[in-house]
Protein chains: 2
Amino acid sequence: MLAAERRDHLLELLARQGKVVAKDVAADLGISEDSVRRDLRDLAAEGLCQRVYGGALPVSPAVADYAARQTVTPDGKRKVASVAAGLVRPGGAVILDGGTTALAVAHALPKELSCTVITHSPTIAAALLDHPRAELFLLGGRVFKHSAVTCGAAAVEAAQNVSADLCLLGVTGVHPEVGLTTGDAEEAAMKRALSARAADTYILASSEKLGTASRFRVLPWEKVSGVITDADAHHPVVEQVKALGVEVLTAS
Amino acid sequence: MLAAERRDHLLELLARQGKVVAKDVAADLGISEDSVRRDLRDLAAEGLCQRVYGGALPVSPAVADYAARQTVTPDGKRKVASVAAGLVRPGGAVILDGGTTALAVAHALPKELSCTVITHSPTIAAALLDHPRAELFLLGGRVFKHSAVTCGAAAVEAAQNVSADLCLLGVTGVHPEVGLTTGDAEEAAMKRALSARAADTYILASSEKLGTASRFRVLPWEKVSGVITDADAHHPVVEQVKALGVEVLTAS
DNA sequence: CCTGTTCTTGCACGTTTATGCATGTATTGT
DNA sequence: ACAATACATGCATAAACGTGCAAGAACAGG
């Protein structure tokens with residue numbers, strides 16, 4: 001890899017993602033962090049980027065506000081989202097829950113992927129409007145403003161009329177014994193309804209959810225095909241969940 | 001997540017929401033409150049925000065870019081939206097169409113107005129999430145990405161189960177003889193279905209729509225209670241529409 | 001083909017910076 | 001006045017940084 005190539009690569013990353021993390025790029029390109037730092041220093045000297053602790057930012061912060069929105073989601077959720085997006089097969093149908101992690105999944109879906117996305121979140125629907133090849137189906141109903149999803153009888157009924165290969169569900173608590181839980185009864189019912197319409201259900205479980213439980217049970221472990229998390233494979237909760245016979249996909 | 005990114009994020013929140021709560025941001029980004037406090041302290045030291053107990057406020061309180069968003073919508077649409085929003089009675093129910101003008105109406109609704117909003121646009125629904133007293137009902141169905149609304153049989157069927165006092169409809173053409181028109185047959189059908197569920201239907205007709213016609217008829221003039229426009233009261237189309245017995249609300 | 005120079009790269013070292021936790025203090029609301 | 005919450009401070013740890021140095025590659029000139 002040529003040095004000039006690296007610089008171009010850095011500038012492209014900067015434009016596309018709105019930021020560059022020295023460590024990540026180094027690992028990605030298989031070169032030392034020192035070289036990346038040197039490149040960034042040079043670019044900054046030429047006024048092509050703004051050097052910050054840990055990496056660099058574009059000179060004009062308003063470069064890509066789509067990208068900016070991406071970057072404000074915590075690292076863990078983004079990793080989980082990336083793995084989850086990989087589960088969606090071209091031509092397949094996926095039921096996508098609401099919540100910030102699910103929104104990250106929507107953003108992580110390849111822009112030209114042709115698939116069917118079924119969701120009960122207007123936010124998710126709005127995020128997928130610029131995916132030209134994605135068929136989008138919105139489940140209507142009363143909107144719960146707190147979590148920005150439709151719930152209630154009408155929404156559950158609407159869900160009965162769809163089916164999919166895959167359901168990606170967000171929850172607030174993932175506990176080996178208690179199971180999967182969330183903070184609202186209506187939401188829990190809706191999540192159950194969604195899960196029942198898909199062949200496989202995977203849980204979006206960024207590490208802060210592991211080992212915690214909320215008030216309302218969503219699903220028992222038997223109904224879950226797998227869990228996607230950014231926690232280490234040796235995390236105690238991960239190992240307990242594996243012992244229950246549930247597949248665990250770790251995103252490191 | 002880079003430290004500099006966090007600071008940018010804080011400033012953006014400050015601009016968009018007019019305030020920052022340390023605890024919330026910490027939970028949101030998955031970092032400790034200490035870091036958030038330190039960032040806020042630094043920003044305050046640079047004069048970029050005003051530190052207060054529990055979080056921070058913008059330096060000049062009136063900067064929250066609610067105004068900024070309003071200004072990107074053309075002047076005419078904003079005026080129309082403002083008048084339309086005035087038609088919504090406290091406690092009343094309104095069916096709100098999709099489109100940019102309808103989105104402006106959503107933004108123009110008083111934040112503390114308690115009313116029921118029924119819409120088939122995920123974008124509109126997302127825009128109204130921060131109206132705590134507004135009951136929100138979303139009509140599901142296949143999403144037409146071009147105009148960001150749900151359409152088709154499922155959406156029309158969902159519309160049959162609601163009713164409202166008022167329907168605010170956006171169209172692409174307003175012509176005295178041809179009537180109200182739009183560019184897509186499915187959309188036209190959906191708009192008809194919406195209109196049929198409300199006691200009164202008003203058309204959002206910013207001046208560039210007047211005198212033009214598109215491919216598909218939405219409604220004949222008899223089904224329309226009124227037209228809201230920013231055009232002058234002596235605009236020829238306005239006078240012709242008035243002659244048809246349709247009320248015209250002019251927003252100057 | 002050989003040699004000396006320059007440039008790049010990765011490594012080692014010490015330094016600086018950021019972060020989370022613990023402790024004690026201030027502020028707010030009831 | 002009291003409890004709850006927010007805050008500042010100090011500290012330990014880990015990460016990022018800069019610098020100097022040596023090994024190697026690219027290149028020019030003899």
Side-chain angles (χ1 to χ4, degrees), chain A residues 1-11 13-14 17-59 61 71-79 206-212 230-232 234-237 251-252, chain B residues 1-14 17-59 61:
Chain A
M1 155 138 322
L2 270 46
E5 260 182 292
R6 276 201 323 257
R7 287 180 32 137
D8 288 349
H9 181 68
L10 288 172
L11 288 175
L13 282 180
L14 218 45
Q17 303 183 1
K19 74 164 178 178
V20 161
V21 180
K23 190 180 180 179
D24 294 354
V25 179
D28 215 44
L29 299 183
I31 56 178
S32 77
E33 293 180 42
D34 297 71
S35 295
V36 178
R37 270 197 283 271
R38 269 189 270 251
D39 286 338
L40 289 179
R41 196 195 309 172
D42 294 347
L43 289 175
E46 294 176 45
L48 297 174
C49 74
Q50 186 196 342
R51 192 79 172 80
V52 299
Y53 201 90
L57 296 176
V59 270
T71 52
V72 300
T73 68
D75 269 358
K77 292 190 179 184
R78 219 168 51 245
K79 286 178 187 163
S206 47
S207 53
E208 76 270 15
K209 315 275 176 65
L210 296 183
T212 68
D230 61 312
D232 190 89
H234 304 101
H235 189 293
V237 172
S252 54
Chain B
M1 155 143 309
L2 269 45
E5 255 184 298
R6 275 201 323 257
R7 287 180 31 139
D8 288 350
H9 182 228
L10 287 172
L11 289 175
E12 194 190 317
L13 282 180
L14 220 44
Q17 303 183 0
K19 72 169 179 180
V20 161
V21 180
K23 192 178 179 180
D24 295 354
V25 179
D28 214 45
L29 299 183
I31 56 177
S32 77
E33 292 179 44
D34 296 72
S35 295
V36 177
R37 268 196 282 273
R38 268 189 269 251
D39 286 339
L40 289 179
R41 196 196 306 170
D42 294 347
L43 289 175
E46 293 177 45
L48 297 174
C49 74
Q50 186 196 340
R51 194 79 171 78
V52 297
Y53 204 88
L57 296 175
V59 270

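Order of the sequence lines fixes the chain letters, A, B, ..., with proteins taken first and strands second; residue numbering starts at 1 for each chain. Computed from a predicted model, the values in this text were never measured in an experiment.
Closest approach to the B:Ala22 side chain among C:dA18, D:dC7, C:dG20 is made by D:dC7 (side chain taken as heavy atoms from C-beta onward). For A:Lys23, counting side-chain heavy atoms from C-beta on, the closest listed nucleotide (D:dA16, D:dA8, C:dT19) is D:dA16. Considering only the side chain of B:Tyr53, C:dT28 comes nearest among D:dC17, C:dT28, C:dG10. Between D:dG18, C:dT27, D:dA8, one nucleotide has an atom nearer to the side chain of A:Arg37 than all others, and that is D:dG18. Comparing atom distances between the A:Arg41 side chain and each of C:dG20, D:dT5, D:dG18 picks out D:dG18 as nearest. Side-chain proximity of B:Arg6 to the nucleotides D:dA15, C:dT19, D:dA6 is greatest for C:dT19. Comparing C:dG20, D:dT19, D:dC7 against the side chain of B:Asp34 picks out C:dG20 as the nearest.
A:Ala44 and A:Arg51 get closest at one heavy-atom pair: CB-CB, 4.0 Å.
Atom CG in A:Leu2 sits about 17 Å away from atom P in C:dC7, given to the nearest Å. Rounding to whole angstrom units, CG of residue A:Asp39 and C1' of C:dC7 are separated by 13 Å. Atom CD of A:Glu5 and atom P of C:dT9 are 12 Å apart (whole Å). The interatomic distance linking B:Met1 (CE) with C:dA18 (P) rounds to 16 Å, in whole Å.
A:Asp39 places no side-chain N or O within donor-acceptor distance of the main-chain N or O of A:Arg7, the cut-off being under 3.5 Å.
Rounding to the nearest 0.5 angstrom, the gap separating the CG atom in A:Leu14 from the CG atom in A:Asp8 is 12.5 Å.
Projected onto DNA chain D by closest heavy-atom contact, B:Arg38 and A:Val52 fall at different nucleotides, the more 5' of which corresponds to B:Arg38.
With contacts defined as side-chain heavy-atom distances shorter than 4.5 Å, the pair A:Leu29/A:Arg6 qualifies.
Regarding contacts with the backbone of C:dT8, every side-chain N or O of A:Ser35 stays at 4.0 angstrom or more from both OP1 and OP2.
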